[in-house]
Amino acid sequence: MKTIIEPFRIKSVEPIRMTTREERARLIREAGYNVFALHSDDVLIDLLTDSGTGAMSAAQWAAVMRGDESYAGSPSYYRFRDAVQALMPFKHVIPTHQGRAAEAILFDVFGGAGKRIPSNTHFDTTRGNIESTGAGADDLVIAEGRDPANLHPFKGNMDLDRLDAYLGEHGASVPCVMLTITNNAGGGQPVSLENIRATAAIARAHGKPFFIDGCRFAENAWFIKSREPGQQDRTIPDIVRDCFAEADGMTMSAKKDAFGNIGGWLALNDDALAEEARNHLIRTEGFPTYGGLAGRDLEALAQGLSEIVDEDYLRYRIRTNEYIIEKLDALGVPVVKPAGGHAVFVDARAWLSHIPPLEYPGQALAVALYEIAGVRSVEIGTVMFGRHPDGSETPAAMDLVRLAFPRRTYTQSHADYIVEAFGELAEVKDSLTGYRIVKEPKLMRHFTCLFERL
Ligand SMILES: *Cc1c(COP(=O)(O)O)cnc(C)c1O
(Lines give C-alpha, C1' and ligand atoms only; values in the text may rest on other atoms or scores of the structure.)
Protein backbone atom coordinates (compact mmCIF):
# COMPACT_ATOMS: atom_id res chain seq x y z
CA MET A 1 0.00 0.00 0.00
CA LYS A 2 1.24 3.50 -0.87
CA THR A 3 -0.96 5.61 1.40
CA ILE A 4 0.72 6.63 4.64
CA ILE A 5 -2.07 6.69 7.21
CA GLU A 6 -2.09 8.22 10.68
CA PRO A 7 -0.59 5.34 12.71
CA PHE A 8 -3.14 5.71 15.53
CA ARG A 9 -6.85 5.58 16.26
CA ILE A 10 -8.64 8.33 18.14
CA LYS A 11 -9.94 7.41 21.59
CA SER A 12 -10.77 10.80 23.04
CA VAL A 13 -11.77 13.84 21.01
CA GLU A 14 -11.80 17.59 21.48
CA PRO A 15 -14.55 19.24 19.45
CA ILE A 16 -13.56 22.11 17.17
CA ARG A 17 -15.97 25.04 17.50
CA MET A 18 -16.90 26.00 13.96
CA THR A 19 -16.96 29.71 13.12
CA THR A 20 -18.06 31.67 10.06
CA ARG A 21 -15.87 33.90 7.99
CA GLU A 22 -17.84 36.97 9.17
CA GLU A 23 -17.28 35.98 12.81
CA ARG A 24 -13.56 35.49 12.22
CA ALA A 25 -13.23 38.85 10.46
CA ARG A 26 -14.72 40.46 13.58
CA LEU A 27 -12.65 38.38 16.03
CA ILE A 28 -9.32 39.14 14.39
CA ARG A 29 -10.21 42.84 14.10
CA GLU A 30 -11.05 42.88 17.83
CA ALA A 31 -7.69 41.15 18.46
CA GLY A 32 -5.89 44.10 16.86
CA TYR A 33 -5.03 41.75 13.96
CA ASN A 34 -2.60 39.92 16.24
CA VAL A 35 -3.13 36.12 16.18
CA PHE A 36 -1.64 35.80 19.69
CA ALA A 37 -4.63 37.75 21.05
CA LEU A 38 -7.21 35.29 19.66
CA HIS A 39 -8.96 32.90 22.02
CA SER A 40 -7.91 29.42 20.97
CA ASP A 41 -11.50 28.16 20.84
CA ASP A 42 -12.08 30.69 18.05
CA VAL A 43 -9.43 28.82 16.01
CA LEU A 44 -10.33 25.81 13.82
CA ILE A 45 -6.83 24.48 13.18
CA ASP A 46 -4.14 25.83 15.48
CA LEU A 47 -0.70 25.80 13.90
CA LEU A 48 0.77 28.52 16.11
CA THR A 49 3.30 26.09 17.60
CA ASP A 50 4.23 22.42 17.99
CA SER A 51 5.32 23.06 21.58
CA GLY A 52 3.37 21.22 24.26
CA THR A 53 0.30 21.02 22.00
CA GLY A 54 0.54 17.36 20.94
CA ALA A 55 -1.83 14.54 21.88
CA MET A 56 -0.74 12.13 24.61
CA SER A 57 -1.30 8.43 24.03
CA ALA A 58 -3.52 6.10 26.07
CA ALA A 59 -0.33 4.64 27.55
CA GLN A 60 0.84 8.11 28.60
CA TRP A 61 -2.48 8.87 30.31
CA ALA A 62 -2.25 5.50 32.06
CA ALA A 63 1.29 6.39 33.19
CA VAL A 64 -0.02 9.69 34.58
CA MET A 65 -2.03 7.70 37.15
CA ARG A 66 1.17 6.00 38.24
CA GLY A 67 2.81 9.35 39.04
CA ASP A 68 4.33 9.34 42.51
CA GLU A 69 4.39 12.81 44.00
CA SER A 70 7.03 12.22 46.66
CA TYR A 71 9.17 15.30 47.18
CA ALA A 72 12.44 13.33 47.07
CA GLY A 73 13.39 10.05 45.43
CA SER A 74 10.13 9.40 43.59
CA PRO A 75 10.10 6.21 41.47
CA SER A 76 8.62 8.40 38.70
CA TYR A 77 11.95 10.27 38.55
CA TYR A 78 13.91 7.05 38.17
CA ARG A 79 11.63 5.84 35.37
CA PHE A 80 12.08 9.21 33.66
CA ARG A 81 15.86 9.14 34.13
CA ASP A 82 16.12 5.59 32.76
CA ALA A 83 14.02 6.51 29.71
CA VAL A 84 16.29 9.47 28.96
CA GLN A 85 19.45 7.43 29.48
CA ALA A 86 18.17 4.64 27.21
CA LEU A 87 18.48 7.15 24.34
CA MET A 88 20.98 9.72 25.60
CA PRO A 89 23.57 8.03 27.77
CA PHE A 90 24.50 10.99 29.98
CA LYS A 91 25.50 10.36 33.57
CA HIS A 92 23.37 13.12 35.14
CA VAL A 93 19.74 13.82 34.15
CA ILE A 94 18.25 16.94 35.72
CA PRO A 95 14.52 17.57 35.11
CA THR A 96 13.25 21.13 34.52
CA HIS A 97 9.82 22.57 33.82
CA GLN A 98 10.74 23.59 30.24
CA GLY A 99 13.72 23.72 27.92
CA ARG A 100 14.44 27.35 28.71
CA ALA A 101 14.91 26.52 32.41
CA ALA A 102 17.62 24.01 31.44
CA GLU A 103 19.22 26.74 29.31
CA ALA A 104 19.04 29.27 32.16
CA ILE A 105 20.90 26.83 34.43
CA LEU A 106 23.50 25.91 31.80
CA PHE A 107 24.32 29.52 30.96
CA ASP A 108 24.26 30.57 34.58
CA VAL A 109 27.24 28.20 34.80
CA PHE A 110 28.84 28.89 31.40
CA GLY A 111 27.76 32.46 30.53
CA GLY A 112 28.96 35.84 31.71
CA ALA A 113 30.22 39.12 30.29
CA GLY A 114 32.82 38.72 27.55
CA LYS A 115 31.95 35.06 26.80
CA ARG A 116 30.78 33.89 23.35
CA ILE A 117 28.84 30.75 22.51
CA PRO A 118 28.63 29.40 18.95
CA SER A 119 25.84 27.18 17.55
CA ASN A 120 24.44 26.34 14.12
CA THR A 121 21.54 28.67 15.06
CA HIS A 122 20.56 29.50 18.62
CA PHE A 123 16.84 29.23 19.29
CA ASP A 124 15.46 32.53 20.64
CA THR A 125 15.17 31.38 24.29
CA THR A 126 18.73 30.00 24.10
CA ARG A 127 19.95 33.31 22.74
CA GLY A 128 17.97 35.15 25.43
CA ASN A 129 19.48 33.04 28.21
CA ILE A 130 23.00 33.57 26.86
CA GLU A 131 22.64 37.30 26.27
CA SER A 132 21.02 37.97 29.64
CA THR A 133 24.30 36.86 31.30
CA GLY A 134 26.20 39.41 29.21
CA ALA A 135 27.62 36.75 26.86
CA GLY A 136 27.30 36.75 23.06
CA ALA A 137 25.48 34.14 20.91
CA ASP A 138 26.83 33.44 17.40
CA ASP A 139 25.11 31.51 14.58
CA LEU A 140 27.41 29.50 12.29
CA VAL A 141 24.98 27.51 10.13
CA ILE A 142 26.14 26.57 6.60
CA ALA A 143 25.36 29.12 3.85
CA GLU A 144 22.82 26.73 2.24
CA GLY A 145 20.82 26.93 5.49
CA ARG A 146 20.06 30.60 4.87
CA ASP A 147 18.69 30.09 1.33
CA PRO A 148 14.97 29.11 1.32
CA ALA A 149 15.17 27.50 -2.13
CA ASN A 150 18.37 25.46 -1.67
CA LEU A 151 17.65 21.71 -1.60
CA HIS A 152 20.65 20.65 0.55
CA PRO A 153 19.48 17.60 2.61
CA PHE A 154 21.00 18.88 5.89
CA LYS A 155 20.47 22.63 5.90
CA GLY A 156 20.88 22.71 9.69
CA ASN A 157 24.55 21.67 9.52
CA MET A 158 27.23 23.63 11.36
CA ASP A 159 29.70 25.40 9.06
CA LEU A 160 32.75 23.40 10.21
CA ASP A 161 35.41 25.67 8.70
CA ARG A 162 33.85 28.71 10.29
CA LEU A 163 33.56 26.93 13.65
CA ASP A 164 37.21 25.91 13.55
CA ALA A 165 38.33 29.44 12.61
CA TYR A 166 35.98 30.94 15.23
CA LEU A 167 37.42 28.75 17.99
CA GLY A 168 40.94 29.57 16.78
CA GLU A 169 40.19 33.28 17.02
CA HIS A 170 37.91 33.50 20.10
CA GLY A 171 38.80 30.24 21.88
CA ALA A 172 39.76 31.90 25.14
CA SER A 173 36.28 33.41 25.56
CA VAL A 174 34.26 30.35 24.44
CA PRO A 175 32.99 28.20 27.34
CA CYS A 176 31.18 25.59 25.21
CA VAL A 177 29.92 24.75 21.72
CA MET A 178 26.17 24.24 21.08
CA LEU A 179 24.32 22.52 18.23
CA THR A 180 20.52 22.63 17.75
CA ILE A 181 18.86 19.53 16.26
CA THR A 182 16.78 20.08 14.23
CA ASN A 183 17.61 23.70 13.57
CA ASN A 184 14.30 25.25 14.69
CA ALA A 185 15.09 28.91 13.98
CA GLY A 186 16.46 27.82 10.60
CA GLY A 187 13.20 26.18 9.43
CA GLY A 188 13.35 22.85 11.32
CA GLN A 189 16.17 21.71 9.04
CA PRO A 190 18.19 18.66 10.12
CA VAL A 191 21.86 18.16 11.01
CA SER A 192 23.64 15.07 9.64
CA LEU A 193 25.30 12.51 11.92
CA GLU A 194 28.55 13.21 10.09
CA ASN A 195 28.22 16.92 10.92
CA ILE A 196 27.36 16.21 14.58
CA ARG A 197 30.50 14.06 14.86
CA ALA A 198 32.68 16.62 13.09
CA THR A 199 31.34 19.44 15.31
CA ALA A 200 32.13 17.32 18.38
CA ALA A 201 35.65 16.62 17.06
CA ILE A 202 36.36 20.31 16.47
CA ALA A 203 35.05 21.23 19.93
CA ARG A 204 37.23 18.48 21.46
CA ALA A 205 40.30 19.59 19.51
CA HIS A 206 39.87 23.06 21.02
CA GLY A 207 39.19 21.63 24.49
CA LYS A 208 35.57 22.87 24.63
CA PRO A 209 32.60 20.93 26.04
CA PHE A 210 29.96 20.18 23.39
CA PHE A 211 26.24 20.51 24.18
CA ILE A 212 23.30 19.57 21.99
CA ASP A 213 19.95 21.37 22.11
CA GLY A 214 18.06 18.15 21.38
CA CYS A 215 14.43 19.37 21.24
CA ARG A 216 13.62 17.53 17.98
CA PHE A 217 16.14 14.70 18.23
CA ALA A 218 13.74 12.04 16.89
CA GLU A 219 12.77 14.05 13.80
CA ASN A 220 16.47 14.71 13.23
CA ALA A 221 17.24 10.98 13.51
CA TRP A 222 14.49 10.23 10.99
CA PHE A 223 16.11 12.63 8.50
CA ILE A 224 19.49 10.96 9.13
CA LYS A 225 17.96 7.55 8.46
CA SER A 226 16.19 8.66 5.31
CA ARG A 227 18.75 11.08 3.82
CA GLU A 228 22.27 10.17 5.03
CA PRO A 229 24.27 7.53 3.13
CA GLY A 230 24.83 4.32 5.12
CA GLN A 231 22.10 5.02 7.73
CA GLN A 232 19.07 3.44 6.01
CA ASP A 233 19.19 0.08 7.78
CA ARG A 234 19.75 1.38 11.30
CA THR A 235 17.11 1.79 14.00
CA ILE A 236 16.08 5.25 15.21
CA PRO A 237 17.22 4.58 18.83
CA ASP A 238 20.66 3.52 17.52
CA ILE A 239 20.98 6.69 15.47
CA VAL A 240 19.81 8.80 18.42
CA ARG A 241 22.41 7.19 20.71
CA ASP A 242 25.12 7.90 18.13
CA CYS A 243 24.07 11.56 17.92
CA PHE A 244 24.48 12.06 21.67
CA ALA A 245 27.45 9.73 22.21
CA GLU A 246 29.99 12.42 21.43
CA ALA A 247 28.32 15.24 23.34
CA ASP A 248 29.18 16.28 26.89
CA GLY A 249 25.59 17.19 27.61
CA MET A 250 22.25 18.40 26.28
CA THR A 251 19.33 20.71 26.91
CA MET A 252 15.82 19.58 26.05
CA SER A 253 12.30 20.88 25.75
CA ALA A 254 10.14 17.82 26.43
CA LYS A 255 7.22 19.77 24.91
CA LYS A 256 8.69 18.80 21.55
CA ASP A 257 10.09 15.29 20.96
CA ALA A 258 9.06 13.70 24.25
CA PHE A 259 5.30 14.01 23.62
CA GLY A 260 4.89 16.13 26.74
CA ASN A 261 2.52 19.02 27.40
CA ILE A 262 5.20 20.39 29.71
CA GLY A 263 8.76 19.49 30.73
CA GLY A 264 12.43 19.61 29.89
CA TRP A 265 15.81 18.52 31.13
CA LEU A 266 19.50 19.24 31.33
CA ALA A 267 21.75 16.19 31.02
CA LEU A 268 25.52 16.06 31.29
CA ASN A 269 28.51 13.93 32.22
CA ASP A 270 30.73 16.20 34.28
CA ASP A 271 30.24 15.62 38.05
CA ALA A 272 31.31 19.06 39.22
CA LEU A 273 29.17 20.82 36.63
CA ALA A 274 26.20 18.63 37.54
CA GLU A 275 26.56 19.55 41.19
CA GLU A 276 26.61 23.25 40.35
CA ALA A 277 23.59 22.78 38.07
CA ARG A 278 21.63 20.93 40.76
CA ASN A 279 22.32 23.68 43.27
CA HIS A 280 20.91 26.19 40.82
CA LEU A 281 17.96 23.85 40.18
CA ILE A 282 17.10 23.66 43.88
CA ARG A 283 17.06 27.45 44.02
CA THR A 284 14.89 27.98 40.93
CA GLU A 285 13.01 24.81 39.90
CA GLY A 286 12.80 22.29 42.73
CA PHE A 287 14.46 19.26 44.26
CA PRO A 288 16.65 17.32 41.75
CA THR A 289 14.27 14.34 41.50
CA TYR A 290 11.38 16.44 40.21
CA GLY A 291 12.79 19.72 38.84
CA GLY A 292 9.81 21.92 38.05
CA LEU A 293 7.54 18.97 37.31
CA ALA A 294 4.95 16.78 38.97
CA GLY A 295 5.69 13.06 39.27
CA ARG A 296 2.86 12.43 36.79
CA ASP A 297 4.59 14.65 34.22
CA LEU A 298 7.80 12.64 34.57
CA GLU A 299 5.82 9.42 33.96
CA ALA A 300 4.18 10.86 30.83
CA LEU A 301 7.59 11.88 29.48
CA ALA A 302 9.18 8.49 30.21
CA GLN A 303 6.41 6.81 28.22
CA GLY A 304 6.50 9.52 25.51
CA LEU A 305 10.20 8.92 24.90
CA SER A 306 9.51 5.30 24.03
CA GLU A 307 6.82 6.37 21.54
CA ILE A 308 8.60 9.26 19.79
CA VAL A 309 11.26 6.97 18.24
CA ASP A 310 8.60 4.83 16.53
CA GLU A 311 9.31 4.78 12.80
CA ASP A 312 5.66 4.62 11.77
CA TYR A 313 5.01 7.77 13.76
CA LEU A 314 8.04 9.59 12.35
CA ARG A 315 7.23 8.56 8.76
CA TYR A 316 3.70 9.94 9.13
CA ARG A 317 4.97 13.05 10.93
CA ILE A 318 7.49 14.08 8.27
CA ARG A 319 5.23 12.98 5.41
CA THR A 320 2.52 15.41 6.59
CA ASN A 321 4.94 18.28 6.02
CA GLU A 322 6.12 16.97 2.67
CA TYR A 323 2.53 16.44 1.52
CA ILE A 324 1.46 20.00 2.29
CA ILE A 325 4.65 21.41 0.76
CA GLU A 326 4.09 19.46 -2.47
CA LYS A 327 0.50 20.71 -2.72
CA LEU A 328 1.42 24.33 -1.98
CA ASP A 329 4.24 24.11 -4.50
CA ALA A 330 1.74 22.91 -7.11
CA LEU A 331 -0.48 25.93 -6.30
CA GLY A 332 2.50 28.23 -6.91
CA VAL A 333 2.84 29.18 -3.23
CA PRO A 334 6.54 29.76 -2.47
CA VAL A 335 7.63 27.54 0.46
CA VAL A 336 10.92 26.81 2.20
CA LYS A 337 12.31 23.55 0.80
CA PRO A 338 13.08 20.77 1.40
CA ALA A 339 10.48 19.93 4.07
CA GLY A 340 11.76 20.37 7.61
CA GLY A 341 10.59 18.42 10.62
CA HIS A 342 7.86 20.27 12.44
CA ALA A 343 6.55 23.07 10.27
CA VAL A 344 5.82 24.41 6.81
CA PHE A 345 7.24 27.88 6.08
CA VAL A 346 5.60 30.07 3.43
CA ASP A 347 7.64 32.87 1.86
CA ALA A 348 5.10 35.69 2.27
CA ARG A 349 7.46 38.38 0.95
CA ALA A 350 7.74 36.53 -2.36
CA TRP A 351 4.05 35.58 -2.59
CA LEU A 352 2.60 38.96 -1.56
CA SER A 353 5.29 40.92 -3.39
CA HIS A 354 2.99 43.96 -3.71
CA ILE A 355 3.20 44.48 0.08
CA PRO A 356 6.51 46.09 1.13
CA PRO A 357 8.35 44.41 4.05
CA LEU A 358 7.67 47.37 6.37
CA GLU A 359 3.93 46.81 5.79
CA TYR A 360 4.38 43.22 7.01
CA PRO A 361 3.42 40.78 4.22
CA GLY A 362 3.76 37.85 6.68
CA GLN A 363 1.21 39.43 9.02
CA ALA A 364 -1.11 40.09 6.07
CA LEU A 365 -0.92 36.42 5.10
CA ALA A 366 -1.40 35.11 8.65
CA VAL A 367 -4.47 37.34 9.15
CA ALA A 368 -5.98 36.36 5.78
CA LEU A 369 -5.44 32.65 6.49
CA TYR A 370 -7.34 33.05 9.74
CA GLU A 371 -10.18 35.05 8.18
CA ILE A 372 -10.65 32.69 5.25
CA ALA A 373 -10.17 29.35 6.99
CA GLY A 374 -9.81 29.79 10.76
CA VAL A 375 -6.23 28.48 10.59
CA ARG A 376 -3.82 30.11 13.04
CA SER A 377 -0.22 30.46 11.86
CA VAL A 378 2.46 32.91 12.90
CA GLU A 379 4.55 35.58 11.17
CA ILE A 380 8.29 35.03 11.40
CA GLY A 381 9.70 38.12 9.80
CA THR A 382 9.75 41.88 10.12
CA VAL A 383 7.11 42.03 12.88
CA MET A 384 9.20 39.58 14.92
CA PHE A 385 12.70 40.81 14.12
CA GLY A 386 12.37 44.27 12.53
CA ARG A 387 12.52 46.56 15.58
CA HIS A 388 16.00 47.24 17.01
CA PRO A 389 17.08 48.30 20.51
CA ASP A 390 17.98 51.79 19.21
CA GLY A 391 14.35 52.23 18.09
CA SER A 392 15.01 51.92 14.36
CA GLU A 393 13.10 49.50 12.15
CA THR A 394 14.43 47.57 9.14
CA PRO A 395 13.05 44.62 7.14
CA ALA A 396 14.01 41.19 8.54
CA ALA A 397 16.10 38.87 6.36
CA MET A 398 12.90 37.07 5.30
CA ASP A 399 9.16 37.46 5.80
CA LEU A 400 7.90 33.94 6.47
CA VAL A 401 4.67 32.51 7.82
CA ARG A 402 5.10 29.34 9.86
CA LEU A 403 2.52 26.55 10.07
CA ALA A 404 3.76 24.37 12.95
CA PHE A 405 2.15 20.98 13.47
CA PRO A 406 1.19 19.71 16.92
CA ARG A 407 2.13 16.02 17.23
CA ARG A 408 -0.57 13.37 16.52
CA THR A 409 -3.29 16.04 16.72
CA TYR A 410 -4.58 16.73 13.22
CA THR A 411 -5.46 14.36 10.38
CA GLN A 412 -5.19 14.11 6.62
CA SER A 413 -8.47 15.98 6.07
CA HIS A 414 -7.14 18.86 8.17
CA ALA A 415 -4.09 18.91 5.89
CA ASP A 416 -6.33 18.98 2.81
CA TYR A 417 -8.38 21.79 4.35
CA ILE A 418 -5.21 23.84 4.87
CA VAL A 419 -4.22 23.28 1.23
CA GLU A 420 -7.71 24.31 0.08
CA ALA A 421 -7.39 27.49 2.16
CA PHE A 422 -4.23 28.39 0.26
CA GLY A 423 -6.12 27.73 -3.00
CA GLU A 424 -8.72 30.32 -1.93
CA LEU A 425 -5.98 32.69 -0.80
CA ALA A 426 -4.32 32.43 -4.22
CA GLU A 427 -7.51 33.90 -5.76
CA VAL A 428 -7.55 36.97 -3.53
CA LYS A 429 -3.93 37.46 -2.55
CA ASP A 430 -3.33 40.42 -4.89
CA SER A 431 -6.09 42.37 -3.13
CA LEU A 432 -4.61 41.86 0.37
CA THR A 433 -3.23 44.99 1.98
CA GLY A 434 -0.42 45.58 4.45
CA TYR A 435 -0.59 46.62 8.10
CA ARG A 436 0.68 49.36 10.36
CA ILE A 437 1.60 48.83 14.03
CA VAL A 438 -0.33 51.24 16.25
CA LYS A 439 0.92 50.06 19.67
CA GLU A 440 3.97 48.01 20.59
CA PRO A 441 5.99 47.16 23.69
CA LYS A 442 9.74 47.76 23.90
CA LEU A 443 10.77 44.10 23.56
CA MET A 444 9.44 41.08 21.64
CA ARG A 445 6.66 43.16 20.14
CA HIS A 446 5.13 40.37 18.05
CA PHE A 447 3.39 38.80 21.07
CA THR A 448 1.34 41.84 22.07
CA CYS A 449 1.51 44.61 19.45
CA LEU A 450 -1.69 45.94 17.86
CA PHE A 451 -2.13 46.48 14.11
CA GLU A 452 -4.32 48.57 11.83
CA ARG A 453 -5.12 47.42 8.32
CA LEU A 454 -3.86 49.83 5.64
C1 LIG B 1 11.19 25.16 22.24
C2 LIG B 1 12.65 25.21 22.13
C3 LIG B 1 13.44 25.61 23.22
C4 LIG B 1 12.85 26.12 24.52
O5 LIG B 1 12.07 25.17 25.15
P6 LIG B 1 10.79 25.57 26.04
O7 LIG B 1 10.31 24.26 26.56
O8 LIG B 1 9.81 26.25 25.14
O9 LIG B 1 11.27 26.46 27.13
C10 LIG B 1 14.81 25.59 23.05
N11 LIG B 1 15.38 25.22 21.90
C12 LIG B 1 14.64 24.84 20.83
C13 LIG B 1 15.31 24.41 19.58
C14 LIG B 1 13.25 24.82 20.91
O15 LIG B 1 12.54 24.44 19.85
Side-chain angles (χ1 to χ4, degrees), residues 1-20 24 38-67 83 188 215-216 218-219 221-222 236 253-263 294 296-328 339-344 369-370 373-378 402-422:
M1 292 293 294
K2 286 208 321 291
T3 306
I4 296 169
I5 60 172
E6 288 84 5
F8 49 81
R9 295 181 294 194
I10 296 167
K11 179 172 217 146
S12 178
V13 297
E14 275 186 285
I16 292 173
R17 192 179 79 79
M18 302 308 277
T19 49
T20 64
R24 292 190 296 265
L38 289 168
H39 291 215
S40 62
D41 53 4
D42 293 331
V43 174
L44 302 191
I45 300 181
D46 202 347
L47 308 180
L48 187 68
T49 177
D50 68 320
S51 179
T53 49
M56 294 218 294
S57 66
Q60 281 182 290
W61 284 111
V64 161
M65 276 312 288
R66 212 167 53 160
C215 293
R216 295 180 185 78
E219 290 170 9
W222 175 260
I236 296 294
S253 169
K255 303 173 75 170
K256 320 293 175 40
D257 274 0
F259 279 135
N261 296 129
I262 197 74
R296 66 180 78 99
D297 298 322
L298 294 166
E299 292 279 359
L301 299 181
Q303 175 61 29
L305 282 172
S306 73
E307 297 175 8
I308 199 84
V309 292
D310 176 57
E311 291 195 10
D312 294 327
Y313 159 72
L314 288 167
R315 180 180 297 108
Y316 136 82
R317 169 88 175 148
I318 303 303
R319 181 61 199 150
T320 305
N321 262 3
E322 287 170 352
Y323 176 84
I324 294 174
I325 283 178
E326 284 164 17
K327 300 275 181 185
L328 295 189
H342 66 290
V344 169
L369 187 59
Y370 176 73
V375 174
R376 178 155 68 169
S377 56
V378 66
R402 184 184 74 183
L403 312 170
F405 291 87
R407 292 166 182 76
R408 302 190 294 207
T409 302
Y410 294 112
T411 64
Q412 172 78 32
S413 75
H414 294 114
D416 286 327
Y417 178 90
I418 292 159
V419 171
E420 185 183 333
F422 274 91

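Heavy atoms only: backbone and side chains are in, while hydrogens, waters and symmetry mates are out. Since this is a predicted model, take the numbers as computed values, not measurements.
Scanning both residues, His342 and Gly188, for their nearest heavy atoms gives CE1-CA, 3.6 Å. Residues Ala339 and Glu322 come closest through the heavy atom pair CB-CG, 3.7 Å. Ala300 and Val64 get closest at one heavy-atom pair: CB-CG2, 4.2 Å. Nearest heavy atoms, Arg317 versus Pro406: NH1-O, 3.6 Å. Across all non-hydrogen atoms, the minimal contact from Leu403 to Leu369 is CD2-CD2, 3.7 Å. Pairing each heavy atom of Ala258 with each of Ala254, the nearest pair is CB-O, 3.5 Å.
Pro7 has its side chain out of reach of Arg315: every pair of non-hydrogen atoms, C-beta onward, lies at least 4.5 Å apart. Residues Ile418 and Leu47 are in side-chain contact: their nearest non-hydrogen atoms beyond the backbone lie under 4.5 Å apart. Side chains of Arg402 and Thr49 form a contact here, defined as non-hydrogen atoms less than 4.5 Å apart. Within the 4.5 Å cutoff, the side chain of Arg17 has heavy atoms near those of the Asp42 side chain. Using a 4.5 Å heavy-atom cutoff, the side chains of Asp46 and Thr53 are not in contact. Inter-residue side-chain proximity for Tyr323 and Ile4 is flagged as unmet; no heavy-atom pair is nearer than 4.5 Å. No side-chain heavy atom of Gln412 sits under 4.5 Å from any side-chain heavy atom of Thr3. Proximity of Tyr316 to Asp310: side-chain heavy atoms (C-beta onward) are nowhere separated by under 4.5 Å.
Distance check: Glu6 CD to Ser413 OG gives 8.0 Å after rounding to the nearest 0.5 Å. Taking CD1 of Ile45 as the reference point, atom OG1 of Thr409 lies at 11.5 Å (rounded to 0.5 Å). Summarising the geometry, atom OH belonging to Tyr410 is positioned 9.0 Å from atom CG belonging to Leu44; distances are rounded to the nearest 0.5 Å. One finds the NZ atom of Lys255 at 4.0 Å from the CD1 atom of Ile262 (value rounded to the nearest 0.5 Å). For the atom pair CG of Asp41 and CD1 of Ile16, the computed distance is 12.0 Å after rounding to the nearest 0.5 Å. Atom CD of residue Gln60 and atom CD of residue Gln303 lie 6.5 Å apart, to the nearest 0.5 angstrom.
With salt bridges taken as basic N to acidic carboxylate O contacts below 4.0 Å, one links Asp50 and Arg407. Ionic pairing of Glu326 and Arg319 is present here: one or more N-O contacts between side-chain nitrogen and carboxylate oxygen are shorter than 4.0 angstrom. At a threshold of 4.0 Å, the pair Glu299-Arg296 does not count as salt-bridged, since none of the basic side-chain nitrogens sits closer than that to a carboxylate oxygen.
Aromatic pair Phe259/Tyr313: ring centres closer than 6.0 Å.
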Give the C-alpha distance, both sets of side-chain angles, the deciding distance and a yes or no for side-chain contact (heavy atoms from CB on, under 4.5 Å) between Val43 and Leu48.
CA-CA 10 Å; Val43 174; Leu48 187 68; over 6 Å; no

Test side-chain contact (heavy atoms from CB on, under 4.5 Å) applied to Phe405 and Ile324, step by step
CA-CA 11 Å; Phe405 291 87; Ile324 294 174; 3.3 Å; yes

Under the side-chain contact (heavy atoms from CB on, under 4.5 Å) criterion, do Val344 and Leu328 qualify, and how do the steps go?
CA-CA 10 Å; Val344 169; Leu328 295 189; 4.1 Å; yes

Applying side-chain contact (heavy atoms from CB on, under 4.5 Å) to Asn321 and Glu219, what does each step give before you reach the verdict?
CA-CA 12 Å; Asn321 262 3; Glu219 290 170 9; over 6 Å; no

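Side-chain atoms of Arg408 come within 3.5 Å of backbone N or O of Ala55 as a donor-acceptor pair. Using modelled atom types, no side-chain atom of Tyr417 and backbone atom of Val375 make a donor-acceptor pair closer than 3.5 Å.
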